[in-house]
K.L.:
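Before I ask anything, let me first share the structure, which is written out below as C-alpha coordinates.
Given the structure is predicted, the values throughout are model-derived calculations rather than measurements. Both backbone and side-chain heavy atoms feed into the values below; hydrogens, waters and symmetry mates do not. Just so you know, residue 1 is the first one in the sequence shown, and it goes up from there.
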Amino acid sequence: MKFINKHKKTFFLLLCVVCLCLAGITTNRLAPSIFEKTFGFVLTPVQGAVYSVGNWFSSRFSAVTNTDDLIKENEEMKLEIEKLKLENSRIELLENDNKKLSGLLELSEKYKAYGTTGARIIGKDPGNWYDVFIIDKGSSDGLAQNMVVIADGGLVGRIRECGFNYSQVVSIIDDSDSVSAVSPRTGDTGYVKGDLNNKGMCKMELIDITSKITEGDEITTSHYSSVYPEGISIGKVVSIENASDTSTKTAVIEPVVDFEHLDSVLVIMTYIDNPNWDETETTTERTTEEPTTAEEETEEKKDEDDDDDEAGNRTSRSRDEVSSGQAARTGE
(Lines give C-alpha, C1' and ligand atoms only; values in the text may rest on other atoms or scores of the structure.)
Protein backbone atom coordinates (compact mmCIF):
# COMPACT_ATOMS: atom_id res chain seq x y z
CA MET A 1 0.00 0.00 0.00
CA LYS A 2 2.90 2.34 0.77
CA PHE A 3 4.36 1.57 -2.65
CA ILE A 4 1.09 2.36 -4.37
CA ASN A 5 0.64 5.55 -2.37
CA LYS A 6 4.16 6.56 -3.23
CA HIS A 7 3.76 5.97 -6.98
CA LYS A 8 0.05 6.63 -7.33
CA LYS A 9 0.53 9.24 -10.00
CA THR A 10 2.52 6.77 -12.05
CA PHE A 11 -0.18 4.08 -11.67
CA PHE A 12 -2.86 6.58 -12.63
CA LEU A 13 -1.07 7.56 -15.78
CA LEU A 14 -0.43 3.90 -16.65
CA LEU A 15 -4.16 3.09 -16.20
CA CYS A 16 -5.11 5.98 -18.46
CA VAL A 17 -2.71 4.73 -21.16
CA VAL A 18 -4.19 1.22 -20.96
CA CYS A 19 -7.74 2.60 -21.28
CA LEU A 20 -6.73 4.68 -24.29
CA CYS A 21 -5.09 1.67 -25.91
CA LEU A 22 -8.19 -0.44 -25.38
CA ALA A 23 -10.36 2.32 -26.76
CA GLY A 24 -8.14 2.57 -29.83
CA ILE A 25 -8.15 -1.16 -30.34
CA THR A 26 -11.95 -1.49 -30.15
CA THR A 27 -12.73 1.54 -32.30
CA ASN A 28 -13.78 0.65 -35.89
CA ARG A 29 -12.87 -2.99 -35.44
CA LEU A 30 -14.44 -5.74 -37.53
CA ALA A 31 -13.87 -8.65 -35.13
CA PRO A 32 -13.18 -9.11 -31.44
CA SER A 33 -9.58 -9.07 -30.39
CA ILE A 34 -7.68 -12.06 -29.06
CA PHE A 35 -7.96 -10.55 -25.59
CA GLU A 36 -11.70 -10.26 -25.87
CA LYS A 37 -12.01 -13.78 -27.23
CA THR A 38 -9.92 -15.13 -24.37
CA PHE A 39 -11.86 -13.10 -21.81
CA GLY A 40 -15.19 -14.16 -23.34
CA PHE A 41 -14.15 -17.81 -23.50
CA VAL A 42 -13.36 -17.79 -19.80
CA LEU A 43 -16.27 -15.59 -18.69
CA THR A 44 -19.14 -17.14 -20.75
CA PRO A 45 -19.44 -20.43 -18.79
CA VAL A 46 -19.31 -18.54 -15.51
CA GLN A 47 -21.91 -16.08 -16.77
CA GLY A 48 -24.15 -18.97 -17.96
CA ALA A 49 -23.87 -20.68 -14.59
CA VAL A 50 -24.65 -17.47 -12.75
CA TYR A 51 -27.59 -16.82 -15.08
CA SER A 52 -28.96 -20.36 -14.57
CA VAL A 53 -28.67 -20.05 -10.81
CA GLY A 54 -30.38 -16.68 -10.95
CA ASN A 55 -33.20 -18.10 -13.07
CA TRP A 56 -33.62 -21.02 -10.71
CA PHE A 57 -33.94 -18.76 -7.67
CA SER A 58 -36.21 -16.43 -9.61
CA SER A 59 -38.51 -19.28 -10.68
CA ARG A 60 -38.64 -20.62 -7.14
CA PHE A 61 -39.45 -17.21 -5.76
CA SER A 62 -42.13 -16.74 -8.42
CA ALA A 63 -43.51 -20.20 -7.66
CA VAL A 64 -43.79 -19.33 -3.98
CA THR A 65 -45.45 -16.03 -4.83
CA ASN A 66 -47.79 -17.73 -7.30
CA THR A 67 -48.64 -20.44 -4.73
CA ASP A 68 -49.70 -17.81 -2.21
CA ASP A 69 -51.80 -16.12 -4.86
CA LEU A 70 -53.32 -19.45 -5.88
CA ILE A 71 -54.13 -20.33 -2.26
CA LYS A 72 -55.81 -16.97 -1.80
CA GLU A 73 -57.68 -17.33 -5.08
CA ASN A 74 -58.69 -20.88 -4.13
CA GLU A 75 -60.13 -19.70 -0.82
CA GLU A 76 -62.07 -16.97 -2.59
CA MET A 77 -63.40 -19.51 -5.08
CA LYS A 78 -64.45 -21.82 -2.23
CA LEU A 79 -66.38 -19.00 -0.60
CA GLU A 80 -68.02 -18.19 -3.92
CA ILE A 81 -68.92 -21.86 -4.43
CA GLU A 82 -70.51 -22.01 -0.96
CA LYS A 83 -72.52 -18.89 -1.74
CA LEU A 84 -73.66 -20.42 -5.02
CA LYS A 85 -74.61 -23.65 -3.23
CA LEU A 86 -76.67 -21.74 -0.67
CA GLU A 87 -78.30 -19.74 -3.44
CA ASN A 88 -79.02 -22.91 -5.39
CA SER A 89 -80.55 -24.54 -2.30
CA ARG A 90 -82.70 -21.47 -1.72
CA ILE A 91 -83.85 -21.53 -5.34
CA GLU A 92 -84.66 -25.24 -5.08
CA LEU A 93 -86.69 -24.62 -1.92
CA LEU A 94 -88.54 -21.79 -3.62
CA GLU A 95 -89.20 -23.99 -6.65
CA ASN A 96 -90.49 -26.80 -4.43
CA ASP A 97 -92.71 -24.38 -2.51
CA ASN A 98 -93.94 -22.99 -5.81
CA LYS A 99 -94.76 -26.49 -7.08
CA LYS A 100 -96.59 -27.33 -3.86
CA LEU A 101 -98.54 -24.08 -3.91
CA SER A 102 -99.33 -24.59 -7.60
CA GLY A 103 -100.51 -28.11 -6.77
CA LEU A 104 -102.76 -26.79 -4.00
CA LEU A 105 -104.11 -24.14 -6.36
CA GLU A 106 -104.88 -26.75 -9.01
CA LEU A 107 -106.48 -28.95 -6.34
CA SER A 108 -108.56 -26.01 -5.13
CA GLU A 109 -109.72 -25.39 -8.70
CA LYS A 110 -110.49 -29.08 -9.14
CA TYR A 111 -112.69 -29.08 -6.05
CA LYS A 112 -114.07 -25.58 -6.51
CA ALA A 113 -117.50 -26.78 -5.32
CA TYR A 114 -115.96 -26.83 -1.85
CA GLY A 115 -114.93 -23.92 0.31
CA THR A 116 -111.24 -24.60 0.98
CA THR A 117 -108.32 -23.11 2.86
CA GLY A 118 -104.62 -23.95 2.77
CA ALA A 119 -102.63 -24.92 5.87
CA ARG A 120 -99.04 -25.86 6.68
CA ILE A 121 -97.98 -28.84 8.78
CA ILE A 122 -96.22 -27.75 11.98
CA GLY A 123 -95.91 -31.06 13.84
CA LYS A 124 -96.31 -34.81 13.52
CA ASP A 125 -96.07 -38.08 15.42
CA PRO A 126 -92.59 -39.69 15.59
CA GLY A 127 -91.52 -41.59 12.49
CA ASN A 128 -91.27 -40.99 8.77
CA TRP A 129 -94.98 -41.15 8.01
CA TYR A 130 -97.60 -38.44 8.34
CA ASP A 131 -100.32 -40.63 9.86
CA VAL A 132 -101.24 -38.11 12.57
CA PHE A 133 -100.05 -34.50 12.33
CA ILE A 134 -100.78 -30.90 13.36
CA ILE A 135 -101.64 -28.00 11.02
CA ASP A 136 -101.35 -24.29 11.75
CA LYS A 137 -105.06 -23.41 11.52
CA GLY A 138 -107.98 -23.98 13.87
CA SER A 139 -111.41 -22.77 14.92
CA SER A 140 -110.31 -19.13 14.68
CA ASP A 141 -109.84 -19.74 10.94
CA GLY A 142 -113.26 -21.36 10.53
CA LEU A 143 -112.09 -24.98 10.85
CA ALA A 144 -114.04 -27.61 12.75
CA GLN A 145 -113.94 -31.28 13.68
CA ASN A 146 -114.44 -33.79 10.84
CA MET A 147 -113.53 -31.33 8.09
CA VAL A 148 -111.80 -33.19 5.25
CA VAL A 149 -108.14 -32.66 4.36
CA ILE A 150 -106.70 -33.20 0.85
CA ALA A 151 -103.33 -32.76 -0.93
CA ASP A 152 -101.47 -33.89 -4.06
CA GLY A 153 -104.78 -34.46 -5.85
CA GLY A 154 -106.06 -36.98 -3.32
CA LEU A 155 -107.49 -37.64 0.13
CA VAL A 156 -105.31 -37.07 3.20
CA GLY A 157 -107.79 -37.57 6.04
CA ARG A 158 -109.97 -35.55 8.39
CA ILE A 159 -109.62 -33.17 11.33
CA ARG A 160 -109.92 -35.20 14.53
CA GLU A 161 -109.36 -32.39 17.04
CA CYS A 162 -109.74 -28.65 16.44
CA GLY A 163 -108.10 -26.08 18.69
CA PHE A 164 -108.22 -22.30 18.51
CA ASN A 165 -105.17 -21.89 16.27
CA TYR A 166 -104.28 -25.48 15.38
CA SER A 167 -105.91 -28.74 14.34
CA GLN A 168 -104.94 -32.39 14.60
CA VAL A 169 -105.40 -34.41 11.42
CA VAL A 170 -105.70 -38.19 11.27
CA SER A 171 -104.77 -39.54 7.84
CA ILE A 172 -106.08 -42.51 5.90
CA ILE A 173 -102.84 -44.46 6.51
CA ASP A 174 -103.65 -44.55 10.23
CA ASP A 175 -105.42 -47.80 11.12
CA SER A 176 -107.64 -46.11 13.72
CA ASP A 177 -109.86 -44.52 11.06
CA SER A 178 -111.67 -45.82 7.97
CA VAL A 179 -113.17 -44.35 4.81
CA SER A 180 -116.15 -45.60 2.83
CA ALA A 181 -114.70 -46.20 -0.65
CA VAL A 182 -115.75 -47.34 -4.12
CA SER A 183 -114.19 -48.44 -7.39
CA PRO A 184 -115.64 -46.10 -10.06
CA ARG A 185 -114.96 -48.68 -12.76
CA THR A 186 -116.87 -51.57 -11.17
CA GLY A 187 -119.04 -49.84 -8.58
CA ASP A 188 -117.82 -52.22 -5.84
CA THR A 189 -117.57 -50.73 -2.37
CA GLY A 190 -115.59 -51.34 0.78
CA TYR A 191 -113.78 -49.57 3.62
CA VAL A 192 -110.24 -48.17 3.36
CA LYS A 193 -107.91 -47.78 6.34
CA GLY A 194 -104.21 -47.85 7.09
CA ASP A 195 -102.25 -51.07 6.70
CA LEU A 196 -100.12 -51.76 9.78
CA ASN A 197 -98.12 -54.44 7.98
CA ASN A 198 -97.29 -52.18 5.05
CA LYS A 199 -96.67 -48.67 6.37
CA GLY A 200 -97.56 -45.86 4.01
CA MET A 201 -100.11 -48.07 2.25
CA CYS A 202 -103.82 -48.69 2.80
CA LYS A 203 -106.07 -51.69 2.50
CA MET A 204 -109.64 -51.85 1.26
CA GLU A 205 -111.65 -54.40 3.23
CA LEU A 206 -115.12 -55.97 2.97
CA ILE A 207 -115.06 -56.13 -0.83
CA ASP A 208 -117.61 -58.62 -2.15
CA ILE A 209 -116.05 -61.92 -3.20
CA THR A 210 -117.65 -61.57 -6.66
CA SER A 211 -116.13 -58.12 -7.16
CA LYS A 212 -114.34 -57.42 -10.48
CA ILE A 213 -111.84 -55.02 -8.92
CA THR A 214 -108.37 -55.57 -10.41
CA GLU A 215 -104.86 -54.18 -10.01
CA GLY A 216 -104.56 -50.64 -11.29
CA ASP A 217 -108.16 -49.67 -10.51
CA GLU A 218 -108.64 -46.25 -8.95
CA ILE A 219 -110.38 -46.10 -5.57
CA THR A 220 -112.31 -42.99 -4.50
CA THR A 221 -114.54 -41.91 -1.62
CA SER A 222 -118.11 -43.18 -1.94
CA HIS A 223 -121.46 -41.45 -1.49
CA TYR A 224 -122.23 -43.54 1.60
CA SER A 225 -119.92 -41.50 3.84
CA SER A 226 -121.40 -38.80 6.06
CA VAL A 227 -117.97 -37.19 6.50
CA TYR A 228 -116.06 -37.57 3.24
CA PRO A 229 -117.49 -36.03 0.05
CA GLU A 230 -117.94 -38.35 -2.90
CA GLY A 231 -115.35 -38.74 -5.64
CA ILE A 232 -112.09 -37.75 -3.93
CA SER A 233 -109.28 -40.00 -5.14
CA ILE A 234 -107.76 -42.28 -2.49
CA GLY A 235 -105.31 -44.35 -4.52
CA LYS A 236 -104.84 -47.31 -6.84
CA VAL A 237 -105.07 -51.05 -6.27
CA VAL A 238 -101.67 -52.79 -6.25
CA SER A 239 -102.77 -56.27 -5.18
CA ILE A 240 -105.88 -58.27 -4.20
CA GLU A 241 -106.27 -61.26 -1.93
CA ASN A 242 -109.15 -63.20 -0.39
CA ALA A 243 -109.97 -62.34 3.20
CA SER A 244 -109.73 -64.94 5.95
CA ASP A 245 -113.51 -65.35 6.06
CA THR A 246 -113.43 -66.31 2.32
CA SER A 247 -116.62 -64.34 1.68
CA THR A 248 -114.88 -61.03 1.01
CA LYS A 249 -111.72 -59.69 -0.63
CA THR A 250 -109.05 -57.31 0.58
CA ALA A 251 -107.17 -54.97 -1.74
CA VAL A 252 -103.86 -53.21 -1.02
CA ILE A 253 -104.12 -49.54 -2.02
CA GLU A 254 -101.22 -47.24 -2.86
CA PRO A 255 -102.37 -43.72 -1.85
CA VAL A 256 -102.24 -40.82 -4.28
CA VAL A 257 -100.78 -38.64 -1.53
CA ASP A 258 -97.11 -39.02 -0.61
CA PHE A 259 -97.48 -39.47 3.16
CA GLU A 260 -93.72 -39.41 3.67
CA HIS A 261 -93.12 -35.87 2.35
CA LEU A 262 -96.19 -33.83 3.22
CA ASP A 263 -95.71 -30.12 3.83
CA SER A 264 -98.91 -28.26 2.97
CA VAL A 265 -102.53 -29.41 2.80
CA LEU A 266 -105.93 -28.11 1.76
CA VAL A 267 -108.89 -28.24 4.15
CA ILE A 268 -112.42 -28.57 2.75
CA MET A 269 -114.58 -26.22 4.81
CA THR A 270 -117.95 -26.66 3.06
CA TYR A 271 -119.56 -29.10 0.68
CA ILE A 272 -122.91 -28.47 -1.00
CA ASP A 273 -123.68 -31.21 -3.51
CA ASN A 274 -123.63 -34.30 -1.28
CA PRO A 275 -126.84 -34.68 0.78
CA ASN A 276 -125.00 -37.00 3.17
CA TRP A 277 -122.60 -34.21 4.13
CA ASP A 278 -123.43 -33.22 7.69
CA GLU A 279 -121.80 -32.65 11.05
CA THR A 280 -122.97 -35.85 12.70
CA GLU A 281 -120.92 -35.63 15.85
CA THR A 282 -121.61 -31.92 16.31
CA THR A 283 -125.34 -32.47 15.82
CA THR A 284 -125.30 -35.34 18.30
CA GLU A 285 -123.51 -33.27 20.90
CA ARG A 286 -125.94 -30.40 20.42
CA THR A 287 -128.94 -32.73 20.77
CA THR A 288 -127.63 -34.23 23.99
CA GLU A 289 -126.66 -30.91 25.51
CA GLU A 290 -129.81 -28.83 24.89
CA PRO A 291 -133.41 -29.69 23.83
CA THR A 292 -134.76 -28.74 20.45
CA THR A 293 -137.52 -26.20 19.96
CA ALA A 294 -140.13 -28.95 19.50
CA GLU A 295 -139.09 -30.57 22.75
CA GLU A 296 -139.33 -27.22 24.54
CA GLU A 297 -142.82 -26.64 23.17
CA THR A 298 -143.89 -30.16 24.22
CA GLU A 299 -142.60 -29.62 27.74
CA GLU A 300 -144.30 -26.21 27.95
CA LYS A 301 -147.60 -27.70 26.73
CA LYS A 302 -147.30 -30.51 29.24
CA ASP A 303 -146.70 -27.99 32.01
CA GLU A 304 -149.77 -26.01 30.88
CA ASP A 305 -151.89 -29.18 30.87
CA ASP A 306 -150.71 -30.00 34.36
CA ASP A 307 -151.59 -26.49 35.51
CA ASP A 308 -155.07 -26.80 33.92
CA ASP A 309 -155.65 -30.17 35.60
CA GLU A 310 -154.63 -28.77 38.93
CA ALA A 311 -156.91 -25.74 38.45
CA GLY A 312 -159.78 -28.07 37.49
CA ASN A 313 -159.25 -30.18 40.55
CA ARG A 314 -159.33 -27.09 42.75
CA THR A 315 -162.62 -25.97 41.10
CA SER A 316 -164.21 -29.40 41.60
CA ARG A 317 -163.21 -29.42 45.24
CA SER A 318 -164.71 -25.97 45.67
CA ARG A 319 -168.02 -27.04 44.11
CA ASP A 320 -168.18 -30.14 46.31
CA GLU A 321 -167.64 -28.00 49.37
CA VAL A 322 -170.43 -25.57 48.30
CA SER A 323 -172.86 -28.45 47.65
CA SER A 324 -172.12 -30.00 51.00
CA GLY A 325 -172.82 -26.69 52.73
CA GLN A 326 -176.15 -26.24 51.00
CA ALA A 327 -177.25 -29.77 51.88
CA ALA A 328 -176.37 -29.19 55.48
CA ARG A 329 -178.44 -25.99 55.65
CA THR A 330 -181.46 -27.74 54.03
CA GLY A 331 -181.33 -30.53 56.60
CA GLU A 332 -181.35 -28.02 59.30
Side-chain angles (χ1 to χ4, degrees), residues 96 99-100 102-104 106-111 113-114 121 124-125 127-133 148-158 160 169-266 268 271 273-274 276-277:
N96 290 333
K99 289 179 181 178
K100 291 174 182 177
S102 298
L104 290 179
E106 291 176 2
L107 193 59
S108 179
E109 289 295 323
K110 180 179 179 181
Y111 298 102
Y114 316 139
I121 297 174
K124 60 184 286 292
D125 281 357
N128 296 330
W129 303 99
Y130 287 81
D131 45 1
V132 178
F133 56 88
V148 178
V149 181
I150 54 179
D152 297 336
L155 180 64
V156 172
R158 66 179 180 87
R160 182 160 64 184
V169 177
V170 56
S171 72
I172 59 174
I173 65 170
D174 188 86
D175 67 312
S176 65
D177 211 11
S178 61
V179 183
S180 178
V182 63
S183 168
R185 187 183 68 84
T186 66
D188 294 298
T189 60
Y191 289 89
V192 172
K193 66 177 183 179
D195 188 354
L196 284 176
N197 298 323
N198 196 2
K199 200 62 176 176
M201 304 289 280
C202 297
K203 58 183 178 180
M204 184 174 177
E205 298 178 332
L206 302 179
I207 305 171
D208 190 86
I209 194 67
T210 61
S211 167
K212 302 299 182 182
I213 292 178
T214 61
E215 296 180 10
D217 281 351
E218 182 184 14
I219 303 299
T220 66
T221 54
S222 75
H223 64 281
Y224 293 115
S225 177
S226 61
V227 174
Y228 296 95
E230 179 184 7
I232 299 179
S233 180
I234 296 175
K236 291 187 177 182
V237 178
V238 294
S239 65
I240 299 176
E241 59 185 16
N242 292 332
S244 57
D245 59 6
T246 69
S247 62
T248 60
K249 293 180 179 180
T250 299
V252 177
I253 310 297
E254 181 180 7
V256 174
V257 177
D258 182 2
F259 284 101
E260 196 174 6
H261 303 98
L262 271 180
D263 179 67
S264 302
V265 296
L266 202 64
I268 296 177
Y271 184 67
D273 297 336
N274 190 347
N276 288 325
W277 174 259

K.L.:
I need the single residue from Thr189, Thr248, Asp188, Thr186 that forms a side chain to side chain donor-acceptor pair (under 3.5 Å) with Ser211. Which is it?
P.N.:
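Testing Ser211 for a side chain to side chain donor-acceptor pair (under 3.5 Å) against Thr189, Thr248, Asp188, Thr186 leaves exactly one candidate, Asp188.
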K.L.:
Is the closest side-chain heavy-atom distance between Met201 and Ser239 below 4.5 Å?
P.N.:
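No - every pair of side-chain heavy atoms lies 4.5 Å or more apart.
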K.L.:
Kindly say whether Ser222 contributes a backbone atom to a donor-acceptor pair with the side chain of Ser180 at under 3.5 angstrom?
P.N.:
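Judged by distance alone, no pair lies under 3.5 Å.
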K.L.:
Quick one: pull up CD1 in Ile240 and NZ in Lys203 and give me the separation to the nearest 0.5 Å.
P.N.:
15.0 Å
K.L.:
Between Asp131 and Lys199, does any side-chain N to carboxylate O distance fall below 4.0 Å?
P.N.:
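A salt bridge links Asp131 with Lys199.
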K.L.:
Take atom CD of Glu254 as the centre, draw a 6.0 Å sphere, and report whether it contains more than 12 heavy atoms from other residues, nucleotides or ligands.
P.N.:
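It does not: Glu254 CD has 12 such atoms or fewer within range.
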K.L.:
Do the charged groups of Asp175 and Lys193 touch, with an N to O distance under 4.0 Å?
P.N.:
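Answer for the salt bridge query: no.
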K.L.:
Evaluate the side-chain proximity of Lys124 to Leu262: yes if any heavy-atom separation is below 4.5 Å, no if none is.
P.N.:
no
K.L.:
Got Thr220 and Pro184 here, is their nearest side-chain heavy-atom distance under 4.5 Å?
P.N.:
yes
K.L.:
Any heavy-atom pair between the side chains of Leu155 and Thr221 that's under 4.5 Å?
P.N.:
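Yes - at least one pair of side-chain heavy atoms lies under 4.5 Å apart.
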K.L.:
Can we say Lys249 and Asp208 salt-bridge, meaning some charged N sits less than 4.0 Å from an Asp/Glu carboxylate O?
P.N.:
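Salt bridge absent between Lys249 and Asp208.
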K.L.:
Between Phe259 and Val156, is there a side-chain heavy-atom distance shorter than 4.5 Å?
P.N.:
yes
K.L.:
Is the backbone of Asp177 close enough, under 3.5 Å, to the side chain of Arg158 for a donor and an acceptor to pair up by distance?
P.N.:
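Looks like no, no N/O pair under 3.5 Å.
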K.L.:
I need the Ser264 OG to Asp152 CG distance, nearest 0.5 Å.
P.N.:
9.5 Å
K.L.:
Would you compute the distance between atom CD1 of Ile172 and atom CD1 of Ile234 and round it to the nearest 0.5 angstrom?
P.N.:
6.0 Å
K.L.:
Restricting to non-hydrogen atoms, name the atom on Tyr228 and the atom on Ser178 that form the minimum distance, rounded to 0.1 Å.
P.N.:
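Scanning both residues completely, I find the closest heavy atoms to be CE1-O, 4.2 Å.
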K.L.:
When you measure from the side chain of Asp217 to the backbone N and O of Thr214, does any donor-acceptor pair fall under 3.5 Å?
P.N.:
yes
